[in-house]
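Only heavy atoms go into these numbers, but all of them, side chains included; no hydrogens, no water, no symmetry mates.
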Amino acid sequence: QVQLVESGGGLVQPGGSLRLSCTASGATFSRYRVAWFRQVPGKDREYVAAINRGTGPSYYTDSVKGRFTVSRDNAKNAVYLQMNSLKPEDTAVYYCAASATVIMSQMGSQSGYGHWGQGTQVTVSS
């Protein structure tokens with residue numbers, strides 16, 4: 001049973017950067033597809049990015065393309081979300097999710113993932 005822990009959130013000014021980490025235990029993480037979602041109060045959880053098994057590739061929702069990069073270090077059982085040029089609308093709780101069975105066409109859907117972290121708050125504000 002894989003367990004996920006996110007870290008790296010915080011308060012940052014617009015235009016700044018943060019790197020979120022998602023660390024896994026209890027499984028061989030390289031066998032899992034991993035996604036990042038985010039949620040603001042009163043809204044549905046939103047897909048942000050995903051990375052395939054092994055060494056990738058990665059996928060992004062349009063609003064973060066060119067600003068966010070997802071990567072993984074399988075030796076460390078970790079997936080990262082590098083967020084640059086942050087905007088106030090990026091403010092949310094960010095969650096990582098993992099699945100060994102989600103199919104490619106469902107990688108952006110919450111229902112494809114059975115393992116979730118507890119979330120980490122990202123606040124972009126001056």
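For the pair Asn74 (side chain) and Gly54 (backbone), a donor-acceptor distance under 3.5 Å is present. Between the side chain of Ser99 and the backbone N or O of Thr101 there is at least one donor-acceptor pair closer than 3.5 Å. For Asn77 (side chain) and Gly26 (main-chain N/O), no donor-acceptor pair under 3.5 Å exists by modelled atom type. Remark: side-chain polar atoms of Arg72 are paired, donor with acceptor, to backbone N or O of Asn52 under 3.5 angstrom. For Ser109 (side chain) and Gln106 (main-chain N/O), no donor-acceptor pair under 3.5 Å exists by modelled atom type.
Counting all heavy atoms, side chain and backbone alike, Phe29 lies closest to Ala78 at CD2-N, 3.8 Å. Closest non-hydrogen pair, Arg67 versus Leu86, comes out as NH1-CA, 3.9 Å. Contact record, Val102 with Gly112: CB-O, 3.4 Å, taken as the closest heavy-atom pair. Across every non-hydrogen atom of Ala100 and Tyr32, the tightest pair is N-CD2, 3.4 Å. Looking at every heavy atom in both residues, Asn84 comes nearest to Ser17 through OD1-OG, 2.9 Å. When all heavy atoms of Ala24 and Leu4 are compared, the pair lying nearest together is CB-CD2, 3.8 Å.
Ring planes of Phe68 and Tyr94: tilted class, angle from 30 to 60°.
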Which side-chain N or O atoms in residues 113-126 pair as donor and acceptor under 3.5 Å with protein atoms at least two apart or in another chain?
{"unit_1": "Tyr113", "atom_1": "OH", "unit_2": "Met107", "atom_2": "O", "d": "2.6"}
{"unit_1": "Trp116", "atom_1": "NE1", "unit_2": "Tyr113", "atom_2": "O", "d": "3.2"}
{"unit_1": "Gln118", "atom_1": "NE2", "unit_2": "Glu6", "atom_2": "O", "d": "3.1"}
{"unit_1": "Thr120", "atom_1": "OG1", "unit_2": "Gly9", "atom_2": "N", "d": "3.2"}
{"unit_1": "Gln121", "atom_1": "NE2", "unit_2": "Ala92", "atom_2": "O", "d": "3.4"}
{"unit_1": "Gln121", "atom_1": "NE2", "unit_2": "Thr123", "atom_2": "OG1", "d": "3.3"}

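By the rule that hydrophobic residues join a cluster once side-chain heavy atoms approach within less than 4.5 Å of another member, Leu81 and Phe37 end up as members of separate clusters. Using a 4.5 Å cut-off between side-chain heavy atoms of Ile, Leu, Val, Met, Phe, Trp and Tyr, with links allowed through other members, Ile51 and Tyr59 fall into different hydrophobic clusters.
Applying the salt bridge (Lys or Arg N to Asp or Glu O under 4.0 Å) test to every pair with at least one member in residues 17-33, sequence neighbours left out, gives no pairs at all.
For the residue pair Ser58 / Tyr60, a side-chain donor-acceptor distance below 3.5 Å is found, with atom types taken as modelled.
Taking OH of Tyr95 as the reference point, atom CD of Gln110 lies at 10.0 Å (rounded to 0.5 Å). Once rounded to the nearest 0.5 Å, the distance linking OG of Ser63 with CG of Asp90 reads 7.0 Å.
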- Task: Decide yes or no on side-chain contact (heavy atoms from CB on, under 4.5 Å) for Val64 and Arg38, but give the supporting numbers first.
- Result: CA-CA 12 Å; Val64 307; Arg38 64 187 180 187; 4.1 Å; yes
- Message: Show, in sequence, the C-alpha distance, side-chain angles and deciding distance for Tyr80 and Trp36, and conclude whether the side-chain contact (heavy atoms from CB on, under 4.5 Å) test is met.
- Response: CA-CA 9 Å; Tyr80 307 103; Trp36 288 93; 6.0 Å; no
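When the options Leu20, Asp73, Val70 are evaluated for a side chain to side chain contact (heavy atoms under 4.5 Å, CB included) with Val79, the one that passes is Val70.
Partners of Lys65 by salt bridge (Lys or Arg N to Asp or Glu O under 4.0 Å), not counting sequence neighbours, listed by chain and number: Asp62.
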